[in-house]
Enquirer: 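Sharing a structure with you now.
Sequence lines set the chain letters: A, B, ... in the order given, protein chains first and strands last, and positions in each chain run from 1. Computed from a predicted model, the values in this text were never measured in an experiment.
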Amino acid sequence: MYALIDCNNFYASCERVFQPKLNGKPIVVLSNNDGMVIAKSNEAKALGLDLGMPYFEIRDMLEKHHVHVFSSNYTLYGDFSRRVVETLRELTSDIEVYSIDECFADLKGFQHLDLLKYGHTMRDTVKQWTGIPVSVGIAPSKTLCKVANKLAKKGPGVVLLDTPEKIDSALRDYPIEDIWGVGWQRARLLRLNGVGTALQLRNMPDHWIRKKMSVTGLRMVYELRGIPCIPLEEHPPAKKQIICSRSFGHFITELKDIEEAMVSYATRAAERMRQQKLVTRDILVWFETSRHNGPFYCGSRVQGLPRMTNYTPDILKATLSATRKIFRKGLRYRKGGVMVLELVPAMTRQFDMLLPRNEEKQESVMAALDKVNRKYGDNTLFYAATGIRREWKMLRQMKSPHYTTQWDELPLAV
DNA sequence: TCTGGGGTCCTAGGACCC
DNA sequence: TCTGGGGTCCTAGGACCC
């Protein structure tokens, strides 16, 4: 059995912890630059407020109903998130931190307990220690935990789905739109095929699901049947890409202003790369005009770096070069960002370089590669220097005249 | 030059999540 | 005037090789 512990109206709850007078009052939290609503309290929801509403459209209405408005404060939310996780770790050891306001827990060591009661213990302890209200859903798979949690939020606070009867009754009236893994496209597809509830979806034939919704859809349906297919990830895998992007808050028309913005994003991306001990060979730079008025332009470019690096000056040089290539004079830009891709561990080591047409050197490098390959087995990875971005298993045939090889120093898990 | 099958790698784009 | 900021995974199709 698994549990999903999800904070209620997380950002709004964080703001309320230090201002108890806001209990029972409507609250909204705004995005960066106060662009739009990204969180709301139940009272705000009752007023018809929803995520994604642009601030400028609802400002009068917020004032009229005395809604308390906050600009987002991610430092505060991150801090509360850590406290909630620490509290949960006191209660159970197998925890996956799924997002800033959600944790999954594996309850396999707790089968002898009254799980409903245990769920209430988690809920009460988190509330008492951190001030944040949470809901708990307990079920045989993560997807069913999501269902249980949603039901818990409607009142009981904790919902346990531990028998086929309880699961069936939970799924019977559960709209497909609310299932974890069903977005609006799949919802539309399912509705068009007469599938409206989670129970109907669960009973669809495998081949139909596989054909229409790919293996991810099939996994989801198995999970609804109580067969866990999405494992608990206690140790999050290394990031594959890092994005730093923002709305500018106003229109930018000059190249030098765009360059300034891109340089600051790239600097931050490089910092995060170093924190996570990763290096990159590629960065993607893009910026775009408004989608809401006039023709839409989005310029983007993948810029290769001469070597694997997380060194800020290298990154900035490439960023500026890409920026100049995609900049178009006369447009008004509203948003942009920098993404680093193809991240690999920084301990990946430069091995050697094959020189063009130097057969002797090639042979000696290949011999060394073979040696490494034998040492780490089939899972040893190496990276080609030019043109080819992907990792692949080391093969003797890779005798290209120009490349640099690198590999992960640690043996990889099979 | 044409025929064809099988395989790998890469890219773009779609779909989803919070 | 003003509309978030992160991420992941999967598939189809093209290029290329034997």
Enquirer: A/N32 has a side chain; which of C/dG4, C/dT1, C/dT8 sits nearest to it?
Expert: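 Nearest nucleotide to the side chain: C/dG4.
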Enquirer: Under the ring-ring contact (aromatic ring centres under 6.0 Å, His included) rule, what pairs show up with a residue in residues 301-343 of chain A, not counting sequence neighbours?
Expert: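 Passing the test, one end in residues 301-343 of chain A: A/F287-A/Y333, A/F327-A/Y333.
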Enquirer: With the side chain of A/E102 defined as its heavy atoms from C-beta on, choose the nearest nucleotide among C/dT11, C/dT3, B/dC18.
Expert: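 Nucleotide nearest to A/E102's side chain: B/dC18.
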Enquirer: Return one dot-bracket line describing DNA chain B 5' to 3' (Watson-Crick or G-U wobble pairs, both distances under 3.5 Å; ( ) same strand, [ ] crossing, | another strand, . none).
Expert: ....||||||||||||||
Enquirer: Determine, for A/K317 against A/D314, whether the closest basic-nitrogen to carboxylate-oxygen distance falls under 4.0 angstrom.
Expert: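 Between A/D314 and A/K317 there is no salt bridge, as every charged N stays at least 4.0 Å from the carboxylate O atoms.
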Enquirer: Set out, line by line, the N/O atom pairs under 3.5 Å between protein and nucleotides 13-16 of chain C.
Expert:
none

Enquirer: Where the side chain of A/S247 is defined as all heavy atoms beyond and including C-beta, which of C/dT3, C/dT1, C/dG4 is the nearest nucleotide?
Expert: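 For the A/S247 side chain, the nearest candidate turns out to be C/dG4.
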Enquirer: Verify, without hydrogens or angle tests, whether A/R186 (side chain) and A/M213 (backbone) share a donor-acceptor contact under 3.5 angstrom.
Expert: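 Yes, because the side chain of A/R186 sits within donor-acceptor range (under 3.5 Å) of the backbone of A/M213.
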Enquirer: Of the options B/dC18, C/dG4, C/dT3, whose atoms approach the side-chain atoms of A/S31 most closely?
Expert: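 Ranking B/dC18, C/dG4, C/dT3 by closest atom to the A/S31 side chain puts C/dG4 first.
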Enquirer: What residues, two or more places apart in sequence or in another chain, satisfy side-chain contact (heavy atoms from CB on, under 4.5 Å) together with A/V221?
Expert: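 So A/V221 forms a side-chain contact (heavy atoms from CB on, under 4.5 Å) with A/L201, A/I209, A/R225.
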Enquirer: What residues, two or more places apart in sequence or in another chain, satisfy side-chain contact (heavy atoms from CB on, under 4.5 Å) together with A/T267?
Expert: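 For A/T267, the residues satisfying side-chain contact (heavy atoms from CB on, under 4.5 Å) (neighbours in sequence not counted) are A/V263, A/E271, A/T312, A/L316.
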Enquirer: Which nucleotide sits closest to the side chain of A/R334: C/dT3, C/dG5, C/dC9?
Expert: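 The nucleotide sitting nearest to the side chain is C/dT3.
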Enquirer: Sequence neighbours excluded, which residues qualify as side-chain contact (heavy atoms from CB on, under 4.5 Å) partners of A/E233?
Expert: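 Result, side-chain contact (heavy atoms from CB on, under 4.5 Å) vs A/E233: A/E96, A/P237.
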Enquirer: A/I243 side chain: which of C/dC9, B/dC18, C/dG6 is closest?
Expert: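 It is C/dG6.
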